[in-house]
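Shown next, in structure tokens, is the structure this report addresses.
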Amino acid sequence: MKKIDAIALRRVVVEIQAELNKLEALEREWEGHRYGDWTDTFFLRGKSSIFHDFYCGAENIFKKIASELNGGLPSGAGWHAMLLHHMQLEIPQVRPAVITSETGKRLKSFLDFRHKFRHIYGFDLDFEKLEELEQLYPAAQKALVAETNHFLLFLHRLIGELESQE
């Protein structure tokens, strides 16, 4: 297992904070377009794009953590789901869980939707599923940001410990 260094962790912190800033901007965009004509497929495609981007942002955070602290990304056909699962695990003597299992379940809905969004035409989207995500999004977004910020506190403590050993 590679040794973790403080400089690499500082970079990870900055990269995660940048993703959190983008997720907050995305949430503001969603708020600004929260209400609209749910019979308008163009409006619904826009909503779908926001939920797609939300999971992409979450996964970007998880990939940064996995690369530096988990020893790399999972591989194979189901690597996206495995990465999400890994973020719910505490790895003794390495890191705490990044997100709770409850947040993981919420995010799994967005992961599944993202997969469909990428592989079908927009007019074939399941707009009933989109309504479910619309209801789930505020809590999922809030939990992801809060739990990631909590994880950043762990990284800051770890950086402090590593720098005090130098």
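Quick caveat, the model's predicted, so the values are computed rather than measured.
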Does any non-hydrogen side-chain atom of Q135 lie less than 4.5 Å from one of E131? no

CD-CD1 distance between Q141 and I50, expressed to the nearest 0.5 angstrom: 11.5 Å

Could you tell me the separation between the CD atom of E68 and the CZ atom of R95, rounded to the nearest 0.5 Å? 13.0 Å

Minimum heavy-atom separation for S67 and L73, please, with both atom names. OG-CG, 4.3 Å

NZ of K63 to CD of E15, rounded to nearest 0.5 Å, is 11.5 Å

Check for a donor-acceptor pair, side chain of K129 on one end and backbone N or O of S109 on the other, with a separation under 3.5 Å. no

Given side chains that start at C-beta, do those of E29 and L26 come closer than 4.5 Å, heavy atoms only? yes

Separation of M87 CE from E59 CD (nearest 0.5 Å): 10.0 Å

Give, for atom OG of S48 and atom CZ of R114, the distance between the pair rounded to the nearest 0.5 Å. 14.0 Å

Are V13 and L23 grouped together when hydrophobic residues (ILVMFWY) are joined by side-chain heavy atoms under 4.5 angstrom apart? yes

Taking the side chain as everything from C-beta on, heavy atoms only, tell me whether I65 gets closer than 4.5 Å to L155. no

Counting only heavy atoms not in I7 (residues, nucleotides, ligands), do more than 12 fall under 6.0 Å from its CD1? no

Tell me whether S164 contacts the main-chain N or O of E161 through its side chain, where contact means a donor paired with an acceptor under 3.5 Å. yes

Do L130 and F117 come within less than 4.5 Å of each other through their side chains, counting heavy atoms only? no

Can you confirm whether M82 sits close enough to S75 that some side-chain heavy atom of one is under 4.5 Å from a side-chain heavy atom of the other? no

Under the ring-ring contact (aromatic ring centres under 6.0 Å, His included) definition, can you give me all pairs with a residue in residues 130-162, not counting sequence neighbours? W30-Y137, F51-Y137, F54-Y137, F151-F154

If you define the side chain from C-beta out and look only at heavy atoms, does anything of E163 sit under 4.5 Å from R10? yes

For residues V98 and L152: do they belong to one hydrophobic cluster (side chain heavy atoms under 4.5 Å, members Ile, Leu, Val, Met, Phe, Trp, Tyr)? yes

Closest heavy-atom contact between T103 and A143? OG1-CB, 3.4 Å

One pair to check against side-chain contact (heavy atoms from CB on, under 4.5 Å): V145 and L20. What are the steps and the verdict? CA-CA 7 Å; V145 169; L20 288 173; 4.2 Å; yes

Side-chain heavy atoms of F113 within contact of L136, under 4.5 Å: no

Drop me the distance from L144's CG to E27's CD, to the nearest 0.5 angstrom. 12.0 Å

Flag the pair L69 / L9 as yes when at least one side-chain heavy-atom distance between them is below 4.5 Å, and no otherwise. yes

Which is it for I99 and L84 under the side-chain contact (heavy atoms from CB on, under 4.5 Å) test, yes or no, and what are the steps along the way? CA-CA 9 Å; I99 58 171; L84 178 59; 3.8 Å; yes

